[in-house]
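Proteins get letters first, then strands, A, B, ... in listed order; numbering begins at 1 in each. Because only heavy atoms are used, hydrogens play no part in the values below, and waters and symmetry mates are left out as well, while side chains stay in.
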Protein chains: 2
Amino acid sequence: MAKGGYRIIDSDMHIMEPPDLWQRYTDKKYRDYAQVGVTSDNVRDLRTVHPDGRPWGAPVRAASRPSQAGGRNYERNQKLYVTHAERGWSTEVQLEAMDVEGLDVAVLFPTRGLHTLAEPFMDPPFAAALARAYNDWLYDFCAPAPDRLIGAAMVSPFDMDDAVAEVERAVKDLGFRTVFMRSNQMTDKPWHDPFYDPLWSALEEYDIPIGFHEASSSGARQAGDHFGANTLLRRVFAQPVEQMMALASFCGGGVLERHPRLRAAFLEANCAWAPWLLWRLDEGYEREADVFVPEL
Amino acid sequence: MAKGGYRIIDSDMHIMEPPDLWQRYTDKKYRDYAQVGVTSDNVRDLRTVHPDGRPWGAPVRAASRPSQAGGRNYERNQKLYVTHAERGWSTEVQLEAMDVEGLDVAVLFPTRGLHTLAEPFMDPPFAAALARAYNDWLYDFCAPAPDRLIGAAMVSPFDMDDAVAEVERAVKDLGFRTVFMRSNQMTDKPWHDPFYDPLWSALEEYDIPIGFHEASSSGARQAGDHFGANTLLRRVFAQPVEQMMALASFCGGGVLERHPRLRAAFLEANCAWAPWLLWRLDEGYEREADVFVPEL
């Protein structure tokens with residue numbers, strides 16, 4: 001599929017995890033509390049819930065809405081994905097889709113899994129167990145074609161010992177070459193807080209990048225969530241603004257200053273705002289960096 | 001001062017209200033509860049507090065910080081404004097500053113007053129009284145040069161009967177030609193909620209524009225406020241993102257569709273992000289407007 005001598009690589013392709021992934025892969029100790037995928041007539045039902053039915057990693061009010069609104073985009077997707085859904089979104093389906101798109105290699109991000117750690121202040125050992133479950137499943141998913149399928153391992157934002165241990169396990173035991181996180185805050189600490197430094201150092205040490213990937217909803221506060229049930233307006237802001245704020249922590253909060261070998265991608269959030277944001281950060285730097293970030 | 005036959009108009013100039021404005025102008029019934037300006041050695045001390053000392057229209061944590069950080073920008077401002085401060089930021093001072101800048105006319109926005117109604121879910125009659133106080137003071141401030149000084153009247157976001165009554169009073173009794181509001185949400189309703197429609201209708205009826213003007217801090221939740229004491233990063237997002245979200249309500253939430261003669265300005269928040277935001281809104285419209293805003 002290489003074209004003109006170049007291989008085509010998708011830096012942000014999604015897989016569709018099975019709804020019972022966490023029931024099958026989570027450590028027994030935590031399994032009964034784990035995220036459950038919801039299924040319905042919607043072949044792309046992406047909802048996940050707590051075992052008691054409460055929304056998981058999403059605003060509680062979302063539970064009162066239909067799983068997907070029945071518009072033209074919904075109808076289009078039902079036709080587009082019905083055979084993929086019937087075949088269980090398997091590795092074979094993924095590779096076929098890549099063939100159709102002309103992709104040699106893809107970095108793989110989750111769908112249901114984007115919400116796994118998207119609840120604020122989760123119990124750290126529980127969060128770490130859910131991340132391990134996803135990563136173990138992802139290893140199996142990628143195993144038939146490790147040269148084409150590059151999984152992004154999930155790491156916990158709640159405890160840096162857990163995060164660093166999972167980076168080590170992902171690299172050494174599972175052969176992963178990148179990790180991912182949601183960009184919106186699940187703790188009371190912005191990304192430039194020293195709390196996260198051990199993770200950034202580990203990524204430098206293992207020389208692997210992190211991909212920040214946001215989603216359209218979260219169990220935590222999220223940009224635009226005051227638009228509530230108007231998903232159109234929520235989506236306009238959720239991913240881009242959360243990514244802008246994470247990027248600002250990295251550039252203007254000193255993460256990249258303290259970790260010069262760290263590589264970070266901010267995915268699926270547009271980039272036409274980048275010139276404005278970099279200008280705006282420069283403006284702030286000129287006005288008051290001497291007070292707020294004297295180390296930069 | 002007109003240059004080449006054109007008059008120069010500043011659409012967003014600020015005045016510096018006296019710290020005891022609300023003690024002097026507020027209805028007696030509410031005066032003891034009104035906003036108090038804080039003064040200190042800082043000639044541009046902009047803090048305002050409740051009579052008991054709690055921060056007003058600002059995060060509580062801000063109280064533990066110095067009124068202004070002592071950086072190079074602070075020092076510059078102290079020198080630049082010291083004589084203006086000594087002369088009480090009077091109308092005369094304002095007009096002199098306009099002469100220096102070559103401005104014929106300026107639309108005037110508040111400074112301390114940006115925080116007056118920036119506390120969520122204020123008691124509506126109290127909020128309306130504070131707005132009337134500001135507007136009465138502003139009338140006096142502009143009176144010496146009404147052709148050059150165009151005050152923007154404050155209106156309450158908490159009760160639309162109050163807001164409409166103040167629009168009518170501002171236009172008919174005080175001769176104002178525009179009103180302003182903060183863009184960030186002080187109620188649980190986004191700007192496109194029908195709750196606000198009476199205000200938009202009144203502005204259409206009186207044929208005056210509204211200027212949305214955000215500030216670097218708020219008593220309500222505000223974009224970027226998780227950056228906390230890092231005012232540099234908070235400022236990067238506070239004004240621009242709150243304005244983006246208000247603009248999205250106007251364009252994508254149907255305010256301008258329902259009020260085609262309404263004119264709104266979104267001020268002091270940059271605009272290099274506008275091409276991205278309009279594209280992003282269009283993307284959302286194409287994908288799911290049929291579900292979420294079928295009226296557009």
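- The most heavy-atom pairs under 4.5 Å with chain B, out of A/H192, A/M244, A/E283, A/R221, come from A/R221.
- Closest approach of B/W276 and A/A272 over heavy atoms only: CB-CB, 3.8 Å.
- Residue with the most contacts toward chain A among B/A248, B/G253, B/A223: B/A248 (heavy-atom pairs, distance under 4.5 Å).
- Side-chain atoms of A/R287 do not come within 3.5 Å of backbone N or O of B/L232 as any donor-acceptor pair.
- A/Q185 touches chain B through its side chain: at least one heavy atom from C-beta onward sits under 4.5 Å away, while N, CA, C and O do not.
- A/L233 is not listed as a side-chain neighbour of B/V293, based on a closest heavy-atom distance of 4.5 Å or more.
- Side-chain contact check for A/H226 versus B/M245: some heavy-atom pair is nearer than 4.5 Å.
- At distances below 3.5 Å, at least one donor-acceptor pair connects side-chain atoms of A/R280 with backbone N or O atoms of B/R235.
- When A/N73, A/V236, A/D193 are compared by the number of non-hydrogen pairs under 4.5 Å with chain B, A/V236 comes out ahead.
- Of the atoms belonging to A/E242, not a single heavy atom falls under 4.5 Å from chain B.
- Ranked by heavy-atom pairs under 4.5 Å with chain A, the first of B/F237, B/Y285, B/W191 is B/F237.
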Subject >> Check against side chain to side chain contact (heavy atoms under 4.5 Å, CB included), B/W279 and A/N270 >> reply: CA-CA 10 Å; B/W279 176 87; A/N270 312 148; 3.4 Å; yes

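- Both the backbone and the side chain of A/A289 come within contact range of chain B, each with at least one heavy atom under 4.5 Å from a heavy atom of that chain.
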